Protein chains: 2
Amino acid sequence: MRQNYKIIVEYDGSNYSGWQIQKNTSETIQQKLEKALEVINKDKVMVTGAGRTDAGVHAAGQTANFFLDVDIPANKVPLALNSELPDDIICKKAEKVNADFHSRYNARGKKYRYRILNSNFNSVFVRNFVYNVHKKLDLKLMQRAAKIFEGSHDFAALCAAGSSVESTVRNIYSLELYAVDNGEIWIDVIGNGFLYNMIRILAGTLIETGLKKRALPELKNILQSCDRNNAGFTAPAQGLTLMEVFYD
Amino acid sequence: MRQNYKIIVEYDGSNYSGWQIQKNTSETIQQKLEKALEVINKDKVMVTGAGRTDAGVHAAGQTANFFLDVDIPANKVPLALNSELPDDIICKKAEKVNADFHSRYNARGKKYRYRILNSNFNSVFVRNFVYNVHKKLDLKLMQRAAKIFEGSHDFAALCAAGSSVESTVRNIYSLELYAVDNGEIWIDVIGNGFLYNMIRILAGTLIETGLKKRALPELKNILQSCDRNNAGFTAPAQGLTLMEVFYD
């Protein structure tokens, strides 16, 4: 009998073309996981991820599931997997789940963090995981701006052009900004789902607000316009990390 | 007239054979800095570093000095240098100093940090800057052990074999251990100077104490024996960072 496993995966997305397997030869996280699992399972394994992170985006808590033909105790799965994975992908946890568990369809929400290093100079210690903004950001202004985007809205203005989804309405449960010791500003977003590039455009719009290139009243108009051209720039992928996926 | 400049440099030592220029072709931090400065100075520049960090060791506050033939305002030096440096070496600060300033001879002390990630699994976000210890460490025991090494001692037992120095007496002004949020334990050492591999052997000995492979009374005997064979293992270079160099 095939067993369904749910895993939590952390990865440094710097050297990958994102989560999902591509038709060309570029390397992806999903591909690395499937290759490692094939060694363990001695047969092909298909891995389903909760979120299809883009090229360069990281994860501290990506969730995925897959079926194995071999019955391995759940607590042995991370060790077995990590011994086959490169050191920029780490399985942190595994559990056996019912056959009907699907990491993407069953996800009730996700938490992402956008990390800004607001400093004259970048830092070698976090350079792959932050977006370095040199000019001083007004954090209080950004925190007030964040309140405008919380809740259920049509986020079409914050969706990359060319993406086709049935509805562009999404619910941001929480959008918080923090100052961290080393000069970082964290944008923590929890929501039921996100449009293509939505968080990076949101981060870009908040950064432009913090740089006083955008005033608060303008932000409401941006949302209402449903026009991508009115929102801010798409902040770089390297600053974004998928922190957690929520299930019932 | 040639101007002496003092700079603060941060680097990720992962991809370098340490600070000092080698006779073979391996890349070093000093070499990268001299190459960058040669572009700015339009002539060869010799860089003197306060500490000759080993292969794989990092720095948050390495201090160096060099003479330029061109007179550049101090605040322009970091920008000019960083535009020529790879992204794993960052000049954070520069100032003009008297011609007799020598970053190594004038150094009064140094602070190093050894970062341990005490966790079942490594973390992709800090993996290049920590040593991952899987088994649970007894931090309180390590903190008590640290007190034994503080002060002025003959540290011959904590010095890599084969190094030739006049005296193996050094003064550790402060040796503190902290638990950090993400599961890291930091060993912060401030001293007037350190023998070859001394901090890494000290870290290894403290780790073995935290794993209860060494009892506290044994540690005094190790110091007194002046015999490298009695001390702990040499903890990996990647966990070590030169934090700061002190001057009068």
Side-chain angles (χ1 to χ4, degrees), chain A residues 7-16 29 32 53 56-62 75-83 85-94 113 115 117 119-132 134 178 180-184 186 238-243, chain B residues 7-16 29 32 53 56-62 75-83 85-94 113 115 117 119-132 134 178 180-184 186 238-243:
Chain A
I7 57 167
I8 310 288
V9 190
E10 184 180 281
Y11 48 82
D12 172 352
S14 307
N15 296 317
Y16 296 98
I29 316 289
K32 290 285 177 190
T53 54
V57 173
H58 321 287
Q62 167 77 287
N75 64 352
K76 301 283 182 207
V77 171
L79 288 167
L81 252 177
N82 292 335
S83 72
L85 285 169
D87 77 344
D88 51 7
I89 306 176
I90 300 175
C91 174
K92 296 279 189 174
K93 206 183 154 187
R113 175 168 294 160
R115 292 169 64 177
L117 181 64
S119 170
N120 282 337
F121 302 109
N122 211 332
S123 155
V124 299
F125 301 104
V126 296
R127 69 187 189 279
N128 293 328
F129 308 109
V130 299
Y131 170 49
N132 183 204
H134 301 282
Y178 307 88
V180 193
D181 273 355
N182 67 345
E184 282 185 45
W186 289 353
Q238 73 196 59
L240 188 60
T241 303
L242 169 56
M243 299 301 292
Chain B
I7 57 168
I8 309 289
V9 190
E10 184 179 281
Y11 49 82
D12 172 352
S14 306
N15 296 319
Y16 295 98
I29 316 289
K32 289 286 179 188
T53 54
V57 173
H58 320 289
Q62 168 74 289
N75 64 351
K76 300 285 182 203
V77 171
L79 289 166
L81 252 177
N82 292 334
S83 72
L85 287 168
D87 77 345
D88 51 8
I89 305 177
I90 299 175
C91 174
K92 295 281 189 172
K93 205 182 154 188
R113 175 169 294 158
R115 292 170 63 178
L117 181 65
S119 171
N120 283 337
F121 302 109
N122 212 332
S123 154
V124 300
F125 301 104
V126 295
R127 70 188 189 278
N128 292 328
F129 308 108
V130 299
Y131 169 49
N132 183 204
H134 302 284
Y178 308 87
V180 192
D181 274 354
N182 66 344
E184 283 185 45
W186 289 352
Q238 72 196 57
L240 188 60
T241 303
L242 169 56
M243 299 301 292

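Numbers restart at 1 for each chain; the letters A, B, ... are given by sequence-line order, proteins then strands. Keep in mind that what you see is a predicted model, and the values were worked out from it rather than measured.
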task = Check each atom of B/S123 against the heavy atoms of chain A and say whether the ones under 4.5 Å are side chain, backbone, both or neither.
result = both
message = Is A/Y11 in contact with chain B via its backbone, its side chain, both, or neither, using a 4.5 Å heavy-atom distance?
response = backbone
query = So, for A/D12 and B/V124, which heavy atoms are closest and what is the spacing to 0.1 Å?
reply = N-CG2, 3.6 Å
request  = Flag yes if more than 12 heavy atoms outside A/K93 fall under 6.0 Å of its NZ atom; otherwise flag no.
outcome  = no
task = Please flag which part of B/N120 lies under 4.5 Å from any non-hydrogen atom of chain A: side chain, backbone, both or neither.
result = neither
ask   = Given side chains that start at C-beta, do those of B/I90 and A/R127 come closer than 4.5 Å, heavy atoms only?
value = no
ask   = So which heavy atom on A/F125 is nearest to which on B/R115, and how close?
value = CD2-NH1, 4.4 Å
